[in-house]
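What follows is one structure encoded as structure tokens, with my remarks underneath.
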Amino acid sequence: MPNYVDLHMHTTYSDGLQTPDQLLDLVRSRELAAFAVSDHDSVGGSSEIRSLLKVGDPELITGVELSCSVGDSDLHMLGYLFDHESVAMDNALVSFREKRNRRARTMVDKLRSLGVDICFDDVEKYAAGGAIGRPHVAEAIYQCGAVGSYEEAFEKYIKDKGPAYVPKENFSPEDAIALVRGCGGVTVLAHPMINENHKHIEMLANLGLDGIEIYHPSHKKRDTDWLRCEAGRFGLLVSGGSDFHGRDGRYSTVGSQKVPVDCLEKMKALAGKRQCT
Ligand code: AMP
Ligand code: ZN
Ligand code: FE
Ligand code: FE
């Protein structure tokens, strides 16, 4: 029986490059006990994978990555083990995908005024029906020849506070926690060292956060060790995953983070005590 899980990965339903069936093939090759697909603002990839599972496959954990705002900075909240057929969750995600759509249109307008010759259809094409994000805008900027690489599209135009950057209308952390809990799930602060979100751990713990992601490709060992102590200090669970997007270089591959299966067992015990409201 494998001893590891990977609770953070993306598909084409958000900004991952792998379709659900491609991702499932990769997961099957990695000796995992369980995995969670945690697309941004979508559970479509997770649902599609659920329908493809065969006997003997690793266990699929329902997941999602919700964008939240604290002040003017972005914070990602992972939700796990909630009712995957919840109407409340579905309604919230539909509304956030519509907001992402409108935001991408505004970014395209800004880019055009900066002389980048793309249109919204290009961005939509790269999103392929999934939740539209900056990676799709970056792809369109790159493919039209305005920059020499995908990374440069961020650097020159759409990185946080870049000239064509448009902030998302996000959840507050309170609302994200309430939504996931209301659907019987648990919440985990994603990659706390990005945007210095570790500064908010105590505040989030007071709001009812359940855990923090201590295993993540952006972490050095000392980050993981420090975050483990922080989790202990505030009575939080620990979790982690590869944050696999299928893009070379920037993200690690499925299974890379060696997240012990025990992390998931503790999350399940907590979710087991929660009811859908
Ligand atoms: P969005 O949720 O639409 O704001 O897009 C956020 C995603 O864009 C992140 O999950 C990353 O995949 C990607 N991203 C953000 N900043 C950068 C950057 N500077 N370089 C490359 N990718 C980035
Ligand atoms: Zn992403
Ligand atoms: Fe994230
Ligand atoms: Fe992610």
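Not measured: the values here are computed from a predicted model. The chain is numbered in sequence order, starting from 1. Remember, it's 1-based here, ligands and their atoms both numbered in the order they're listed.
Minimum-distance N/O/S atom of His8 relative to the Fe ion (ligand 4): NE2. Considering just the N/O/S atoms of Glu65, the one nearest the Fe ion (ligand 3) carries the name OE2. Its N, O or S atom nearest to the Fe ion (ligand 3) is what matters here, and for His191 that atom is NE2. Within Asp243, the N, O or S atom at minimum distance from the Fe ion (ligand 4) carries the name OD1. Considering just the N/O/S atoms of His76, the one nearest the Fe ion (ligand 3) carries the name ND1.
Remark: the backbone N or O of Arg102 is paired with a side-chain donor or acceptor of Thr106 at under 3.5 angstrom. Although no hydrogens or angles enter the test, the distance criterion places no donor-acceptor pair under 3.5 Å between the side chain of His191 and the main chain of Met193. In terms of modelled atom types and a separation under 3.5 Å, the side chain of Asp6 and the main chain of Gly255 share a donor-acceptor contact. Counting only distance, with no hydrogens or angles, the side chain of Arg134 and the backbone of Ile158 share a donor-acceptor pair below 3.5 Å. A donor-acceptor pair is defined here as one N or O able to donate and one able to accept, closer than 3.5 Å; no such pair exists between the side chain of Ser69 and the backbone of Gly71.
The nearest N, O or S atom of His40 is not closer to the Fe ion (ligand 3) than 2.8 Å. Among the atoms of His10, an N, O or S atom falls under 2.8 Å from the Fe ion (ligand 4).
Donor-acceptor pairing under 3.5 Å is recorded for the side chains of Tyr13 and Glu48. Judged purely by distance below 3.5 Å, without hydrogens or angles, the side chains of His8 and Glu213 pair a donor atom with an acceptor atom.
Remark: Lys258 is positioned above the aromatic ring of Tyr4, its terminal NZ or CZ atom under 6.0 angstrom from the ring centre and at most 45 degrees off the axis. Cation-pi check for Lys99 over Phe96 is met; the charged atom lies under 6.0 angstrom from the ring centroid and within 45 degrees of its normal.
Polar contact with ligand 1: absent for Asp74 (N/O pair, distance under 3.5 Å). Between Arg100 and ligand 1, at least one N/O pair is under 3.5 Å apart. Checked against a 3.5 angstrom limit, the closest N/O atoms of Tyr150 and ligand 1 fall outside it. Taking any N or O of Lys168, backbone or side chain, at least one lies under 3.5 Å from an N or O belonging to ligand 1.
Residues Gly208 and Ile177 share a closest heavy-atom pair of O-CG2, 3.9 Å.
In summary, the atoms of ligand 1 found under 4.0 Å from a heavy atom of His40, numbered by their order in the structure, are 10 (O). Within ligand 1, the atoms closer than 4.0 Å to a non-hydrogen atom of Gly133 are 3 (O), numbered from 1 in the order shown. Here is the list of ligand 1 atoms found below 4.0 Å of a heavy atom in Asp15: 7 (C), 10 (O), 12 (O). Atoms of ligand 1 found under 4.0 Å from any heavy atom of Glu151, numbered from 1 in the order shown, are 20 (N), 21 (C).
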Item checked: Worked verdict on His136 versus Glu124 for side-chain hydrogen bond (donor to acceptor under 3.5 Å, both in side chains) -> CA-CA 8 Å; His136 309 116; Glu124 248 188 336; over 6 Å; no
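When heavy-atom distances to ligand 1 are checked against a 4.0 Å cut-off, Arg103 comes that close only through its side chain, counted from C-beta outward.
In this structure, Pro135 is part of the shell of residues with a heavy atom less than 4.0 angstrom from ligand 1.
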